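Some notes on the structure that comes next.
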Amino acid sequence: MAEAATPARVTGLIPMAHVADVRRSVDFYKLLGMEMRGSLKTSNGDLQWAHVGCEQAELMVTRATEPVVASQQAVLFYLYSPNLVVLREHLIAAGVRVSPITYPAYMTKGELRVDDPDGYCLLIGQAG
């Protein structure tokens, strides 16, 4: 019996960002409700790579070998929150600089912007 043909395709995507300090990045993404799902440490115990996520949001961060320059981050991450107002208040209480909620034509339920510790732009839209 012939084997069924396997389609040539990918089945998942997890962005990986180069960061200056993996621990600092993990701690920041924990503020967004993510948890560490995997990690690698150097021989002296420092985090070298981590996989964070929650529900349908996933990100890998790895220690950069060159300085991370915020103005040169040519990617943004789009996230969703079930309660944008509560998330914004939570981030502000944690000392994170967060934009006001705006209502652009493509996200009429609301969207905010926050930059992570390495300058990656996060746009967060109201889910649902």
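Because the structure is a prediction, the values reported are computed rather than measured.
In plain terms, the two heavy atoms of C54 and G33 that are nearest each other are CB-O, 3.4 Å. Minimum heavy-atom separation, A57 to R37: O-NH1, 4.5 Å. In plain terms, the two heavy atoms of I101 and V85 that are nearest each other are CD1-CG2, 3.9 Å. Contact between G119 and A70 at its shortest, heavy atoms only, is CA-CB, 3.7 Å. The two atoms that bring K30 and R23 nearest to each other are NZ-NH1, 4.2 Å, heavy atoms only. Across all non-hydrogen atoms, the minimal contact from L79 to F77 is CD1-O, 3.5 Å.
Hydrophobic cluster membership is shared by L32 and I92, with clusters built from Ile, Leu, Val, Met, Phe, Trp and Tyr side chains linked at under 4.5 angstrom. Hydrophobic clustering (ILVMFWY, side-chain heavy atoms < 4.5 Å, transitive): Y103 and L84 are in one cluster. Y29 and M60 fall into different hydrophobic clusters, where Ile, Leu, Val, Met, Phe, Trp and Tyr side chains are chained together by heavy-atom contacts under 4.5 Å. Under a hydrophobic clustering in which Ile, Leu, Val, Met, Phe, Trp and Tyr are joined whenever their side-chain heavy atoms come within less than 4.5 Å, directly or via other members, M34 and M36 fall into the same cluster. At a threshold of 4.5 Å between side-chain heavy atoms, the hydrophobic network of Ile, Leu, Val, Met, Phe, Trp and Tyr places I124 and Y80 in two separate groups.
Remark: side-chain polar atoms of R88 are paired, donor with acceptor, to backbone N or O of S99 under 3.5 angstrom. S81 contributes a side-chain N or O that, together with a main-chain N or O of N83, makes up a donor-acceptor pair within less than 3.5 Å. In this structure, D118 contributes its side chain and A20 its backbone to a donor-acceptor pair below 3.5 Å. A donor-acceptor pair is defined here as one N or O able to donate and one able to accept, closer than 3.5 Å; such a pair exists between the side chain of Y120 and the backbone of H18.
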Inset, instruction - Kindly determine whether H90 and L31 satisfy side chain to side chain contact (heavy atoms under 4.5 Å, CB included), including the steps that lead there. - result: CA-CA 8 Å; H90 168 71; L31 289 172; 3.9 Å; yes

Inset, instruction - Let me see the working for T62 and V22 under side chain to side chain contact (heavy atoms under 4.5 Å, CB included), right down to the final yes or no. - result: CA-CA 6 Å; T62 188; V22 175; 5.6 Å; no

Inset, instruction - May I have the step-by-step check of side chain to side chain contact (heavy atoms under 4.5 Å, CB included) for L59 and V61, ending in yes or no? - result: CA-CA 7 Å; L59 176 67; V61 291; 4.0 Å; yes

Tell me which donor-acceptor pairs under 3.5 Å the side chains of residues 45-52 have, and how far apart each pair is, sequence neighbours excluded?
unit_1	atom_1	unit_2	atom_2	d
D46	OD2	N44	ND2	3.4
H51	NE2	E58	OE1	2.7

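A side-chain donor-acceptor contact under 3.5 Å links E111 and Y78.
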